[in-house]
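So that the names make sense, note that chain A is the first sequence line, chain B the second, and so on, each numbered from 1.
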Amino acid sequence: MLCHCQKPAVITLQHGSLCQLHFLNYFEDKVFKTIKRYQLIKKNDTLCVAASGGKDSLTILYLTQKYLQKNNLNSPLFALAIDEGIKNYRKSTLKDLKQFCKGQNITLKIIEAKKEFNYTLDQAYPVINKDTKKKPCNICGVWRRYLLNKYARKLNATKVITGHNLDDESQAIIMNIFKANTDIAAHLGPISGINDHQLFVQRVKPLYFCTEKETKLYSLIKKFPVQFIECPYANEGLRSNIRDMLNNFETKYKGTKQGIINSFLALLPLLKQQAKHNTKEIKICQQCQEPAHQSICNTCKIQTLLK
Amino acid sequence: MNITIKQERTNTTNTISFQGKTVKDLLQQLNINSETIIIIKNNTIITEDEILKNNDKIELLSVVSGG
């Protein structure tokens, strides 16, 4: 397959094939347009990139820095990583991240779950699972959201930039439809959340319209130091089944994932309106003073189970 | 023809007998979804329509993040 410039293609998309150079231009243009269209970065923002050392976070770290340089913006930028404590996994990805941040001259802050909660995820999971049957990804998700928000705010960030891509988002949309979680679905979109709250740092997703394959290809061509290491808990849960299902549909019907996103974005204003009506006011956790939907936040509920 | 395939996800290298013509045929034989991989031949990224020859060496990189 050839690109329109007659060079060999590196990817075939819904509307044609692209060579390496045209793909890089297409990808960067798509990310920068998303930032501008949804005003994900503003002049006076302090930017915190939620980073893990995987392809998505390295790509968005690099492109955020490039966007700031291209637009002559002096917004402070730093990377924030959470070490949940997963043996034979997180330390390796953090090693890549440290190397990358050093090369790009980006400040990196790493928060360890062990120091914050006295437990690594590997230690906490069996204890919590025994009573609640919660999966490791449930605990990890609660911890990560809590620590990212808490430390982004402490470090004066006005935006948390995440590497969520089109695959992540289309999976989340379908998962919420399957579970009839319409109010939770209202939190999705290029800008997360429904209500502004002084203790919540707004989360934004510049890779919103980029597929996982495109992001991997970009990180590969750019030679970012990303190694494939599988999280030992990765195959548990509904998400991996939804991922396989959507990939099968995408192969048969190109554009399926994009179609899900476009349909969802058309409905999102209505979902946000309804969720605003249904959602109770954000509370302050009685134990840790962080924002919560109930009197005790989910992180403190987990802590109670660990005592 | 024989094709040697290195798979990043499983960290394995196998040589298989292949009766098809293109990478797309090969992926069908291996039951691998093209959305989940990037294909490399001779250090070059290729697309699914690439025609394979006997003794070609192919590397399949996993698109899905490890986490």
How about B:Asn54: does its CG atom have over 12 heavy atoms from other parts shown lying under 6.0 Å from it? yes

I'd like to know if the side chain of A:Thr215 reaches the main chain of A:Thr211, judged simply by a donor and an acceptor atom lying under 3.5 Å from each other, with no hydrogens or angles considered. yes

Could you look at A:Ile221 and say if it's the side chain, the backbone, both or neither that has a heavy atom under 4.5 Å from chain B? side chain

Taking only heavy atoms into account, what residues of residues 3-12 of chain A are found under 4.5 Å from chain B? A:Ala9, A:Val10, A:Ile11, A:Thr12

So for A:Lys213, is it side chain, backbone, both, or neither that comes closer than 4.5 Å to the heavy atoms of chain B? both

Under 4.5 Å from any heavy atom of chain B - which part of A:Leu246: neither

Got A:Phe117 and A:Ile302 here, is their nearest side-chain heavy-atom distance under 4.5 Å? no

Do any of residues 13-27 of chain B come closer than 4.5 Å to chain A, heavy atom to heavy atom, and if so which ones, in number order? none

Which heavy-atom pair separates A:Leu108 from A:Ala81 by the least distance, and what is that distance? CD1-CB, 4.2 Å

Do any of residues 160-178 of chain A have a heavy atom less than 4.5 Å from a heavy atom of chain B, and if so, which, in residue order? none

Check: A:Asn247 and A:Lys257 side chains under 4.5 Å, non-hydrogen atoms: yes

Would you say A:Glu214 and A:Tyr26 are linked by a side-chain donor-acceptor pair, where the criterion is simply a distance under 3.5 Å? yes

Side chains of A:Ser240 and A:Arg243, donor plus acceptor under 3.5 Å: no

Hey, are A:Tyr151 and A:Lys109 close enough side-chain-wise for a donor-acceptor pair under 3.5 Å? no

Could you check whether atom NZ of B:Lys41 has more than 12 heavy atoms from other residues, nucleotides or ligands sitting under 6.0 Å from it? yes

Measuring heavy-atom distances to chain A, does B:Ile40 have an atom under 4.5 Å in its side chain, in its backbone, in both, or in neither? side chain

Interchain contact, A:Lys254 with chain B, by part (heavy-atom threshold 4.5 Å): side chain

Contacts of A:Ser263 meeting side chain to side chain donor-acceptor pair (under 3.5 Å) (sequence neighbours excluded), chain-then-number -> none

Using a 4.5 Å cut-off on heavy atoms from C-beta on, say whether the side chain of A:Tyr125 contacts that of A:Ile86. no

Quick check: do A:Asp83 and A:Lys115 have side-chain heavy atoms less than 4.5 Å from each other? no

Chain A contact via B:Ile37 - which portion, at a heavy-atom distance below 4.5 Å: backbone

Begin from the C-alpha positions of B:Asp49 and B:Thr47 and carry the test side-chain hydrogen bond (donor to acceptor under 3.5 Å, both in side chains) through to its verdict. CA-CA 6 Å; B:Asp49 61 311; B:Thr47 51; 2.5 Å; yes

Output the distance between atom CG (A:Asn262) and atom CZ (A:Phe209), rounded to the nearest 0.5 Å. 7.0 Å

Should the pair A:Phe27 and A:Tyr218 be assigned to parallel (<30°), tilted (30 to 60°) or perpendicular (>60°) ring geometry? parallel

Nearest heavy-atom neighbours spanning B:Glu8 and B:Ser62: OE1-N, 2.7 Å

